[in-house]
Amino acid sequence: MNNNNFERYNPREKEPYWQKIWLQQKTFNCDLDDTRENYYVLEMFPYPSGRIHMGHVRNYALGDVVARYQRAKGKNVLHPMGWDAFGLPAENAAIKHKVHPKEWTYKNIDNMRKQLKSMGLSIDWSREFATCDENYYHMQQILFLDMLEEGLVYRRKSKVNWDPIDQTVLANEQVIDGKAWRSGAIVEQRNLNQWAFKIKDYAQDLLEALDNLTDWPEKVRTMQRNWIGKSEGLRILFEIEPNEKTTNKAIEVFTTRADTIYGASFIALSPDHPLCESLMKNNKALSAFVADCKKQGTSTQDIEKAEKRGFDLSIHVKHPLLKDKTLPIYVANFVLMDYGTGAIFGCPAHDQRDLEFANKYKLPVIPVILPPDENEDNFSIADKAYTGIGTLFNSSELNSLSINDAKEQVANELEARAIGGKAQATRETNYKLRDWGISRQRYWGCPIPIIHCDQCGIVPIPKEQLPVILPQDVSFERPGNPLDHHKSWKHVKCPDCDNDALRETDTMDTFVDSSWYFARFISPDASTPTNIEKTDRWLPVDQYIGGIEHAILHLLYSRFFTRAMKKTGHVNLEEPFKGMFNQGMVTHETYRSETKNWLSPEQVEIKTIDGKRVATEIKTGAPAIIGSIEKISKSKNNGVDPDEILKSSGADAARWFMLSDSPPERDVEWSDAGIDGANRFLQRVWKLTFESVELKEQPLDKLEQENEQVIELKKLIHRITNQAGIDIEALQFNRAVAQIYELTNALSKFLPLAEHNPHGSYISTLRLGVEHLILLISPFMPHLAETCWQHLGKSGLISDALWPKVDKSLLIEDNITMPIQVNGKRRAQIIVPKDTQKEKIEQLALHQSAISNILAGKAPKKIIVVPNRIVNIVI
RNA sequence: GCAGGCGUGGUGGAAUGGUAGACACACAGGACUUAAAAUCCUGAGAGGGUAACCCUCGUGCGAGUUCGACUCUCGCCGCCUGCACCA
């Protein structure tokens, strides 16, 4: 063949070329009123940190396959992009580099937009916005005021991490081992008046609706269910023994294990419990204990990991069912005020935390649940609580009841009694979910549109006076919230009475920004937050894609916010995301120098010597240590800059590698070898396309017959086209890629055949195969696909071409290979026509020599024939 | 601490109750080449039998359910993610 004209595919030339054409032709701009079926695909928008990282490449490559595939299926696809642009890092940059957060953020956006565009994503850039755009946060302020009016927002006291040296509030991230990250001060808890959303009102709805989100990963739904944490329990009043310390008559506890009431050996209160707070006034030791408890951050893992500690109040309560028994009251650092009543009864035998506490303070451990296989006389608890099923014992009238029956009986018994005119127990449903505190004492966020007036109280700023714009002239010289120090911005006139008043200086949690952006993309320029006619057609998002780390908070908040927007008349639906997909992380090998410093992949050269991979530090020539594979992070210095790869190997190769090996939901390890492999494949496809075009058809000598090889190839082309489509729809891109490799291999093998038979069906089938191949790769490697498409002489862009049709009649296999097992082990196989009868298969199987040898004349006990699948002979 | 997930060749993975290792990466041998790169072909889970071929073992560990288990159930080990003010 004359290959003189052949030139290797050059992504550096072709990629910018096609990107320019797509932009010029507005290929990916979405006309919302187009009558074709619509499809909304969205990837979680990035935080503009300055540079894209491998996680972004993976996320947006995944989403782009979905977007391009759905376009090829004839849908009108909406695929927008924006920036989650408010947040802490901009303020940190302001402090560190003396650059204004706004300037820093928009500069980062410009850079990252350029980087993302070089990926060749099929994005409608005309809809782009950043959450820090005045227009966006203006709309968010409207939403806030509407929610306030509907009673979905309220003020409450809530805890923050307080840095006593810098006199500032810290994010959990800024607390390291209980100390402030900059000042090093021991962090304290502080209560501040803050704004909160009533997400708890929707707990039951958010829980129930998970059942209908069938296109979400099961694990995400499970995580959300557990996070909402519904539990049915009992609120029980424990009568306080008369004493001089308090006049309180009773303590109310919430329990889900009322059945273990006879095993109760203490009561524990949260340090924030009202009784504890009232007793602190006359009890210095208690005050000191509580102060000590508050010397820790607010994060749950810190609180729960902390050593269990308690303070004996020397007050007792009466056991509700045992006449002469009393229980001591402790204040304990592991009891949370946010959940239940802020007080518990401890049953050490059947709760691990209670047991640790009891063992520490020498409190009785009374087992009351007997495991099924145990004996009452020798069952005891040492340092592991028993939380399994069983029957009651040591429990008087409850003995031998099941856990559930015992719960029921305790509830009935105590409901009927009264303490101080109140029923001693009431059944109650509780949720772990807490209301969403949104106040942040920071500059770079959406201002809360409220004015505090001494006379009028809390005054919402009239909508016509919105937006409340962040002032530009702020200083980060002194610690704390610059808005709070900004006199002319903070001191204002009350909109109602015109007296001196104070502007709310807190801004909103950035989770608010990301809780409704998907709705704004539909009408990014509307003068109301949403255009309800359009959201009716375009919401919910058909496929949402993002990291698993957002499985709970962001998704739950968005689900709540959509309900809130429905209540305030901004949308007509509850669930924002019909389909959800969570991809895994990008990891890379780690490297260390001999002096144990982390080395970046660019600083290391890897060679294979005697089959072993050996690393050397390029700068010094010294050997380096190849470490474990870890999530790409700054601390391990194992990041690879996607920008370098996009520039050197091109977007197609980067995208192909990202999608080819690992299943999208699992972690993927970035490796140079992987990108080389992707490059090779790219060249192979290009070469195959080139050569198939070069084949010149020759006249036929004789009547051409469809050769078996041609029929086989045709079947393969259609089988793979069909399967790849199924795999892409299921977001199993690695499987689609394996199918595509198989097709490429088959076509490469077929090419010489077509060269020797350059006529009729050989050439047409080869070309059919190449055309399908190019269409199949087009969602993955769009630039290469456009180039090949053009080379094949096709008109128009492949980005506008339709997905190849599958000839279903070619998918049917006439013969089936059936393995024959003996006792579950494969011993032979037979090839039979499809749908052969069981009896016939049995006979054929038994007559296989390998089988009859094993049977040695004996009759099998049982023969299992699964039609068209497998035979198993039991002997 | 609580909650969720994952674990299969040298590596990424395929098989979701029915032939474990598809497809790829890396590796080895060969062809082409003055040579290298590129490309193409071949090989390969481990161990054993001279052998077409066959046997044994094998999906983190231990038990169980089943004619049959990578897949389901229980227990353990290891790793990862989230935990409410990082986004």
Side-chain angles (χ1 to χ4, degrees), chain A residues 8 44 46-47 49 84 86-89 158-161 169-175 199 217 219-220 222-227 229 297-306 308 334 338 352-353 356 432-442 509-511 514 547-554 556-557 582 584-585 587 608 611-613 628-631 657 660-663 665-669 671 673-674 676-678 680-681 683-684 687 734-735 737-742 745 748 817-821 823-829 850 861-864 866 869-874:
Chain A
R8 282 171 66 81
M44 290 179 185
Y47 177 79
S49 57
D84 190 11
F86 275 136
L88 211 46
S158 47
K159 278 188 206 163
V160 293
N161 302 307
V169 176
L170 299 173
N172 282 341
E173 192 190 50
Q174 299 170 315
V175 180
I199 188 172
K219 67 170 167 179
V220 173
T222 307
M223 282 154 94
Q224 293 217 352
R225 276 187 198 105
N226 291 336
W227 186 261
T298 58
S299 86
T300 316
Q301 67 257 49
D302 287 345
I303 293 167
E304 294 197 1
K305 266 191 198 162
K308 318 265 168 292
F334 63 91
D338 294 321
Q352 190 60 33
R353 282 191 309 189
E356 282 168 33
K432 285 211 181 82
L433 182 69
R434 311 203 288 255
D435 276 337
W436 175 11
I438 60 152
S439 290
R440 298 291 179 270
Q441 296 69 41
R442 295 191 222 296
D509 179 7
T510 56
F511 270 121
S514 55
I548 186 68
E549 66 274 20
H550 297 289
I552 297 175
L553 288 180
H554 163 58
L556 198 60
Y557 288 152
N582 298 100
M585 294 174 308
T587 61
T608 306
K612 273 190 183 166
R613 295 177 68 245
S628 57
I629 295 156
E630 310 254 5
K631 176 183 176 177
F657 172 64
S660 59
D661 272 6
S662 290
E665 71 276 10
R666 272 204 234 172
D667 292 352
V668 63
E669 191 203 343
S671 68
D676 290 347
R680 268 204 294 279
F681 178 67
Q683 295 297 347
R684 237 183 110 193
K687 198 171 167 209
N734 58 316
R735 303 210 318 190
V737 165
Q739 298 287 327
I740 292 171
Y741 274 120
E742 214 176 317
N745 290 342
S748 296
T817 305
M818 287 183 81
I820 300 159
Q821 299 181 325
N823 288 344
K825 284 195 174 170
R826 183 188 158 280
R827 298 293 168 176
Q829 62 179 33
K861 275 188 198 155
K862 199 172 173 186
I863 303 177
I864 293 125
V866 185
R869 265 256 154 93
I870 202 164
V871 182
N872 193 9
I873 298 165
V874 187

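Per chain, numbering begins at 1; letters A, B, ... match sequence-line order.
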Between [options], which nucleotide has the shortest distance from any of its atoms to the side chain of [X]?
X: A:Arg827; options: B:C67, B:C86, B:C55; result: B:C55
X: A:Thr300; options: B:U19, B:G1, B:C85; result: B:G1
X: A:Lys432; options: B:A87, B:C85, B:A84; result: B:A84
X: A:Ala171; options: B:A26, B:C83, B:C86; result: B:C86
X: A:Val874; options: B:A87, B:C67, B:A84; result: B:C67
X: A:Arg684; options: B:C40, B:A84, B:G82; result: B:C40
X: A:Gln821; options: B:A87, B:G18, B:A84; result: B:G18
X: A:Asn734; options: B:G13, B:A22, B:G1; result: B:G13
X: A:Lys305; options: B:C23, B:G1, B:G68; result: B:G1

Considering just the side-chain nitrogens and oxygens of [X], establish if one lies under 4.0 Å of OP1 or OP2 belonging to [N].
X: A:Arg440; N: B:C86; value: no
X: A:Ser660; N: B:A24; value: no
X: A:Lys825; N: B:G58; value: no

Next on the checklist: Can you see whether A:Ser660 engages A:Asn734 through a side-chain donor-acceptor pair at a distance of less than 3.5 angstrom?
Outcome noted: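 There is no such pair between these side chains.
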Checklist entry - Have A:Arg826 and A:Asn872 got a donor and an acceptor in their side chains that come within less than 3.5 Å? => result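 Result is no, nothing qualifies.
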Checklist entry - Among all residues two or more places apart in sequence or in another chain, which pass the side chain to side chain donor-acceptor pair (under 3.5 Å) test with A:Ser299? => result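 Per chain and number, A:Ser299 pairs via side chain to side chain donor-acceptor pair (under 3.5 Å) with A:Asp302.
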Checklist entry - Once each nucleotide of nucleotides 3-8 of chain B is scored for protein heavy atoms under 4.0 Å, what B/S/- sequence comes out, 5' to 3'? => result SSS-S-
Next on the checklist: With rounding to the closest Å, how many angstrom separate the P atoms on B:A69 and B:G60?
Outcome noted: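 Taking atom P in both B:A69 and B:G60, they lie 15 Å apart.
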Using atom [atom1] of [X] as one end and atom [atom2] of [N] as the other, report the distance to the nearest whole Å.
X: A:Glu742; N: B:A22; atom1: CD; atom2: P; value: 11 Å
X: A:Ile863; N: B:G68; atom1: CD1; atom2: P; value: 15 Å
X: A:Gln739; N: B:A14; atom1: CD; atom2: P; value: 13 Å
X: A:Glu549; N: B:A84; atom1: CD; atom2: P; value: 15 Å

Next on the checklist: Test of understanding: with side-chain contact (heavy atoms from CB on, under 4.5 Å), list the residues that count as partners of A:Ser439, not counting sequence neighbours.
Outcome noted: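 Scan of A:Ser439 (side-chain contact (heavy atoms from CB on, under 4.5 Å), adjacent residues dropped) gives A:Gln194, A:Trp195, A:Gln441, A:Ile448, A:Asp506.
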Item to check | Residues forming a ring-ring contact (aromatic ring centres under 6.0 Å, His included) with A:Tyr557, sequence neighbours excluded | outcome: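 A:Tyr557: ring-ring contact (aromatic ring centres under 6.0 Å, His included) contacts with A:Trp436, A:Phe511.
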Checklist entry - Using the purine O4'-C1'-N9-C4 or pyrimidine O4'-C1'-N1-C2 torsion, is B:G64 syn (within 90° of 0) or anti? => result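 Nucleotide B:G64 adopts anti.
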Next on the checklist: Stem finding on RNA chain B, please: runs of three or more consecutive Watson-Crick or G-U wobble pairs, both distances under 3.5 Å, sorted by first number.
Outcome noted: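 Stem list for RNA chain B: B:1-7 with B:77-83, B:10-12 with B:23-25, B:27-31 with B:39-43, B:45-49 with B:53-57, B:60-64 with B:72-76.
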Next on the checklist: So, using salt bridge (charged side-chain N to carboxylate O under 4.0 Å, His left out) as the criterion, who are the partners of A:Arg225 when residues are at least two apart?
Outcome noted: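 With sequence neighbours excluded, A:Arg225 shows a salt bridge (charged side-chain N to carboxylate O under 4.0 Å, His left out) to A:Asp211, A:Glu218, given in chain and number order.
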